[in-house]
Amino acid sequence: MLRGLTIFFLTLKLAAGADPATHGDAVPDKSWNQTRTFSDGGTVTDEPFGIYGHQPVRLYTLTNTNGVSVSIMDYGAEIVRILAPDRNGKLGDIALGYDHFLPYIASSHYFGATIGRYANRIAKGRFTLGKTVYQLPLNDGPNSLHGGTRGFDKRRWETEPVDSDTPAVRFTRMSPDGEEGYPGNLYVSVTYSLNNANELRIAYTATTDQPTVINLTNHTYFNLGGADTILDDVVTIHADSYTPVDATQIPTGEIKPVEGTPFDFRAGQTIGARLKEAGGKPVGYDHNFVLSKGWFSNWAEAAEVIDPKSGRTLTVSTDQPGLQFYTGNFLDGTGPTGRGGQVFRQYDAFTLETQHYPDSPNHDNFPSTVLLPGDTFTSATVYAFGVEK
Ligand code: BGC
């Protein structure tokens, strides 16, 4: 009860904008309050979605010539809705979210959000760079999760038009030195674009003025059937190994073969087939897969999901070394009601979060997440929406 009241008042306070740290709270460019058409025939429409910090929250809808659309708001640079066709060409919403802006402020599920500065967990919220030990807020038991108490998902981003042939929108933010305990002024951008092959591309860049760590991802919860169970979805993950975790979901440091385990998705298996064997508290998949890469390029297909009922498919490609496959284990039916009156329950949706491995700053055998001044961090992921042939 007390927790509920606290969240209620915090929500009101944040919505009223009593928030001195709202960086990037610039007045949105009024010229965007319209539909822009791009040379491939796609459009971006800008509309108000709510109020935050006394300013309208803007919702940008990218639509291609097939009618596929992706709506993203400048709060959290967050995907709010994805409309994609089923095998009969009927468009349906395949991303979990809310009808209105307000529930996004209180939500702890990171629906559709851009996650930073460090996606996933950092053990005890602590890491060392050079001789300095940095302490982050602990917001997940003994660990720091998804950028801390108020990560990139709970910040307003600035919006920039993009010079592009396909509908696109770019969000930027200047994350100040010390924000959520991380060193360095970090200038970060995330660009969403949607082409006529029904491919949503998410591209990130970041620069810093001090050595820091970075790991960015998108946290969209997909349900390819709209509101059906995901347990019958067939998932393929191109990973020969994964990073086992301890009881607090911190990697043990091992890179373990998936062979003979419930984590072997190489030939495709339904989510439900071995979900219980995956264990965990709560039970389900919530693991980082070590993606198999080719010899010549880091860019590779990471995963494919087929929803047999609707015929919808989702293919994920990325340049990132890891993929967190999460089956919504912590969705427990509480919290604000979602779009169309949906109550969010366990296994109502999955995420495929392309990323560096969890807790990389504390594991020398994992690919490095250090970003140095003078270097530019770049990464990209494509989510392609298709139908089964
Ligand atoms: C994590 C889960 C966490 C969830 C929060 C996922 O990326 O792996 O453990 O509960 O995000 O929504």
Side-chain angles (χ1 to χ4, degrees), residues 7 76-80 95-98 103-125 136-154 180 202 214-223 230 235 237 239 242-252 263 271 275 278-291 302-303 316 318 320-336 338 342 344-360 366 369 381 383:
I7 289 176
E78 216 153 294
I79 293 179
V80 168
L96 258 49
Y98 301 106
Y104 282 96
I105 298 182
S107 173
S108 56
H109 297 304
Y110 306 89
F111 287 133
T114 296
I115 308 290
R117 292 189 189 189
Y118 198 96
N120 219 310
R121 293 174 173 79
I122 294 187
K124 301 187 173 60
L136 313 171
L138 307 181
N139 61 333
D140 187 65
N143 305 317
S144 189
L145 174 68
H146 291 336
T149 315
R150 191 163 169 232
F152 288 179
D153 59 298
K154 294 267 185 277
E180 295 294 306
I202 310 179
I214 186 162
N215 189 22
L216 302 175
T217 196
N218 178 275
H219 207 289
T220 296
Y221 287 72
F222 294 98
N223 184 318
I230 58 162
V235 174
I237 301 179
Y242 73 109
T243 51
V245 288
D246 69 14
T248 71
Q249 288 181 271
I250 293 297
T252 58
F263 306 101
I271 295 179
L275 178 128
K281 260 193 195 161
V283 167
Y285 291 102
D286 193 1
H287 296 82
N288 171 63
F289 289 75
V290 174
L291 295 174
V316 185
T318 188
Q320 291 297 282
L323 179 77
Q324 184 84 8
F325 175 47
Y326 169 58
T327 46
N329 317 334
F330 287 97
L331 299 177
D332 60 2
T334 62
Q342 194 184 353
F344 300 119
R345 299 206 173 83
Q346 262 190 331
Y347 322 134
D348 270 354
F350 60 83
T351 69
L352 290 167
E353 302 158 53
T354 55
Q355 58 171 12
H356 273 252
Y357 311 163
D359 198 31
S360 294
F366 290 178
T369 51
T381 292
Y383 293 98

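Because only heavy atoms are used, hydrogens play no part in the values below, and waters and symmetry mates are left out as well, while side chains stay in. Both ligands and their constituent atoms are indexed starting at 1 by order of listing. Numbering starts at 1 and runs along the sequence shown.
H287 has its ring centre less than 6.0 Å from the ring centre of F263. Taking the six-membered ring where the residue is Trp, the centroids of Y383 and F222 are separated by under 6.0 Å.
With sequence neighbours left out, D348 forms a salt bridge (charged side-chain N to carboxylate O under 4.0 Å, His left out) with no residue at all. Partners of R121 under the salt bridge (charged side-chain N to carboxylate O under 4.0 Å, His left out) rule, at least two apart in sequence or in another chain, are D140. With sequence neighbours left out, the side-chain contact (heavy atoms from CB on, under 4.5 Å) criterion links P244 to Y242, T252, E254, K256.
Under the 4.5 Å side-chain criterion, counting only non-hydrogen atoms from C-beta, F366 is not in contact with H356.
Contact residues of ligand 1 (protein heavy atom closer than 4.0 angstrom to a ligand atom; sorted by chain and number): H109, Y110, R121, H146, H219, Y221, Q249, D286, Q324, Y326, F330, E353.
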